[in-house]
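Comments concern the structure below.
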Amino acid sequence: MNQVAGIFGFGTLPVKVVNPDGRFRVISTKPMPGDRWVDLLVKADCRVEICTASKTILSNADIIKLIGDKCDGVIGQLTEDWGEELFGALDKAGGHAFSNMAVGYNNVDVPAATKHRISVGNTPGVLTETTAELASALTLAAARRVVEADVFMRAGKYDGWLPTMFVGNLLKGQTVGIIGAGRIGTAYARMMVEGHKMNVIYYDLYQSKRLESFVSAYGDFLKTQGEEPVHWRRAASVEDVLKVAHVVSLHPVLDKTTFHLMNRDRLNLMKKDAILINASRGPVVDEVALVEHLRANPMFRAGLDVFEDEPKMKPGLKDLPNVVVVPHIASASQWTRAGMATLAACNVAGKLLRYPVWHNPNDVLPFVDDSRNPPPACPSIVNAKELGLPTLKSSL
Ligand SMILES: NC(=O)c1ccc[n+]([C@@H]2O[C@H](COP(=O)([O-])OP(=O)(O)OC[C@H]3O[C@@H](n4cnc5c(N)ncnc54)[C@H](O)[C@@H]3O)[C@@H](O)[C@H]2O)c1
Ligand SMILES: O=C(O)[C@H](O)CO
């Protein structure tokens with residue numbers, strides 16, 4: 001890591017400063033994995049200030065203190081509330097670049113940022129497979145009751161094999177339902193199709209030709225092996241998916257159209273022994289309704305990475321044996337988290353250096369390839385059009 005100047009305190013918040021003489025002052029509200037993101041900011045002539053406070057979630061008051069009187073850009077986290085108050089403070093401090101270290105940006109009021117002429121970056125692509133893998137892990141854990149069985153073993157209760165012990169669901173040949181077949185939904189569906197020969201039914205506002213052609217091609221391949229082919233169907237409604245799927249995995253963005261997308265009525269449409277997976281955002285599921293449903297249907301199972309009132313769980317959830325819960329770790333692989341930090345840094349540094357915006361946020365690998373310099377572009381700016389930012393046309 002480049003020239004660390006030391007640890008300073010802003011009020012009560014400790015801050016590590018790197019490259020103190022840098023021209024642009026950039027704050028990261030959290031330490032992030034890897035060194036590359038800091039090196040890239042230093043190379044862009046930034047003084048980097050990393051808040052090292054031990055409290056997990058910073059308040060707006062904390063962040064305003066960090067921004068201070070002069071700040072050019074901020075890398076923030078999904079736990080923070082980036083709205084008028086924070087963008088107003090950043091604007092007042094002369095800042096015009098912000099990036100979430102996440103692909104989801106439901107914690108960001110993008111129109112407020114645009115009003116203050118501040119760019120909003122996010123980090124798509126590097127977490128697609130990692131997040132889909134965790135959704136797959138939750139699916140297998142729920143289907144085969146892995147956590148219940150682990151707890152049973154550790155409690156010293158295993159006194160011999162029984163034909164009826166921890167009987168769960170076979171995935172092979174069953175149907176997986178995807179709500180939100182974007183990058184992650186499609187990657188997860190492919191894992192279920194290829195790994196477990198599941199059929200796919202999906203609901204999305206848009207057609208996923210990539211998913212459809214993959215399942216068709218894989219079905220054709222299975223036929224050449226003398227095996228039963230797999231099939232896909234694009235559903236006309238969420239309800240259509242819920243009625244037929246044995247596993248339903250949620251991967252949409254969180255917005256007005258997906259808030260409580262899974263409610264009591266829709267849960268009741270699902271098969272009694274179905275599995276519901278959520279690695280998108282907590283409020284996509286009405287968690288109180290889910291607790292009631294899990295309680296009333298002991299054969300129904302769920303796997304949750306995200307929660308409606310994160311970091312809290314709704315009352316009763318933690319006591320239910322038919323749910324697997326993990327603390328929002330779906331993107332938590334070393335490579336992915338370091339890649340997210342790099343993309344966030346490039347979003348901020350690129351804006352400060354007046355670089356154009358990358359042409360394809362689904363293809364960001366050139367930015368995270370350690371063996372070469374990243375392209376002179378901001379990898380993904382969600383309000384680029386509104387701010388009239390130019391696009392780098394070629395992929396270099
Ligand atoms: N748990 C985690 O750690 C984790 C990690 C990464 C992403 N996520 C969440 O996953 C989301 C999806 O990420 P992505 O990279 O696949 O994004 P994406 O934009 O590629 O996919 C989102 C999909 O949701 C669809 N969609 C939007 N509104 C819908 C609706 N009303 N009904 C059905 N589908 C709808 C979109 O058309 C799109 O295809 C992110 O926004 C984020 O909130 C969570
Ligand atoms: O949206 C995201 O990127 C996740 O929730 C954290 O990786």
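Whatever order the structure lists them in is the order used to number ligands and atoms, beginning at 1. Predicted model only: the values in this text are computed from it and were never measured.
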*asked:* Heavy atoms only: which of Gly182, Ser280, Pro252 lies closest to atom 35 (C) of ligand 1?
replied: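 Nearest heavy atom to atom 35 (C) of ligand 1 lies in Pro252.
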*Give the single entry among Pro361, Ala279, Gly104 that approaches atom 8 (N) of ligand 1 most closely by any heavy atom.*
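The option holding the nearest heavy atom is Ala279.
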Charged N to carboxylate O under 4.0 angstrom, [X] versus [Y]?
X      : Y      : value
Lys312 : Glu310 : no
Asp370 : Arg36  : yes
Glu228 : Lys197 : no
Lys43  : Asp45  : no
Arg233 : Asp240 : yes
Asp309 : Lys314 : yes
Asp273 : Arg301 : no
Glu212 : Arg234 : no
Arg266 : Glu239 : yes

*Specify whether Phe87 and Phe98 have parallel, tilted or perpendicular ring planes, treating 30° as the upper limit for parallel and 60° as the lower limit for perpendicular.*
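Correct class here is perpendicular.
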*When the ring planes of His251 and Tyr188 are compared, do they come out parallel, tilted or perpendicular, using 30° and 60° as the limits?*
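The rings of His251 and Tyr188 sit tilted, inter-plane angle from 30° to 60°.
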What atoms in ligand 1 come closer than 4.0 Å to a heavy atom of [X]?
X      : answer
Ser331 : 3 (O)
Asp305 : 1 (N), 2 (C), 3 (O)
Tyr206 : 37 (O)

_I need the contact type for Leu78 against ligand 2. Using non-hydrogen atoms and a strict under-4.0 Å cut-off, is it side chain, backbone, both or neither?_
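For Leu78, only side-chain atoms sit under 4.0 Å from ligand 2.
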*Can a non-hydrogen atom of Arg337 be found less than 4.0 Å from any atom of ligand 2?*
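Heavy atoms of Arg337 never come under 4.0 Å of ligand 2.
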*Please state whether Met101 comes within less than 4.0 angstrom of ligand 2, counting heavy atoms only.*
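No, Met101 has no heavy atoms under 4.0 Å from ligand 2.
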Side-chain donor-acceptor pair under 3.5 Å between [X] and [Y], yes or no?
X      : Y      : value
Arg144 : Asn169 : no
Asn107 : Asn100 : yes
Glu84  : His116 : yes

*Strictly under 4.0 Å, does any heavy atom of Val103 approach an atom of ligand 1?*
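Distance cut 4.0 Å: Val103 passes for ligand 1.
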*Examine ligand 1 and decide if any of its atoms is less than 4.0 Å from a heavy atom belonging to Asp204.*
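Under 4.0 Å: yes for Asp204.
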_Go through it in stages, so that I can follow the logic: the residues are Asp72 and Lys70, the test is salt bridge (charged side-chain N to carboxylate O under 4.0 Å, His left out), and I'd like the CA-CA distance, side-chain angles, deciding distance and then a yes or no._
CA-CA 7 Å; Asp72 297 287; Lys70 193 240 170 221; 2.6 Å; yes
Shortest protein contact, [atom] (heavy atom only):
atom                    : answer
atom 31 (N) of ligand 1 : Thr257 OG1, 2.9 Å
atom 32 (N) of ligand 1 : Tyr203 CE2, 3.6 Å
atom 5 (C) of ligand 1  : Thr131 OG1, 3.3 Å
atom 3 (O) of ligand 2  : Val103 N, 2.8 Å
atom 30 (C) of ligand 1 : Thr258 CG2, 3.6 Å
atom 28 (N) of ligand 1 : Leu205 CD1, 3.6 Å
atom 1 (O) of ligand 2  : Arg281 NH2, 2.7 Å
atom 34 (N) of ligand 1 : Gly180 CA, 3.7 Å

*asked:* Between ligand 1 and Asn106, is the shortest N or O to N or O distance under 3.5 Å?
replied: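 Checking ligand 1 against Asn106, no N or O pair falls under 3.5 Å apart.
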*His328 to ligand 1: N or O pair under 3.5 Å?*
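Yes, His328 has an N/O under 3.5 Å of an N/O on ligand 1.
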*Please check if the distance between the ring centroids of Trp232 and Phe214 is under 6.0 Å.*
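No: the rings miss the under 6.0 Å criterion.
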Part of [X] with heavy atoms under 4.0 Å of ligand 1, whether side chain, backbone, both or neither:
X      : value
Ile184 : both
Arg183 : both
Val253 : both
His251 : backbone

Counting each atom of ligand 2 from 1 as listed, which ones have a heavy atom of [X] under 4.0 Å away?
X      : answer
Ser331 : 6 (C), 7 (O)
Leu127 : 3 (O), 7 (O)
Ala102 : 1 (O), 2 (C), 3 (O)

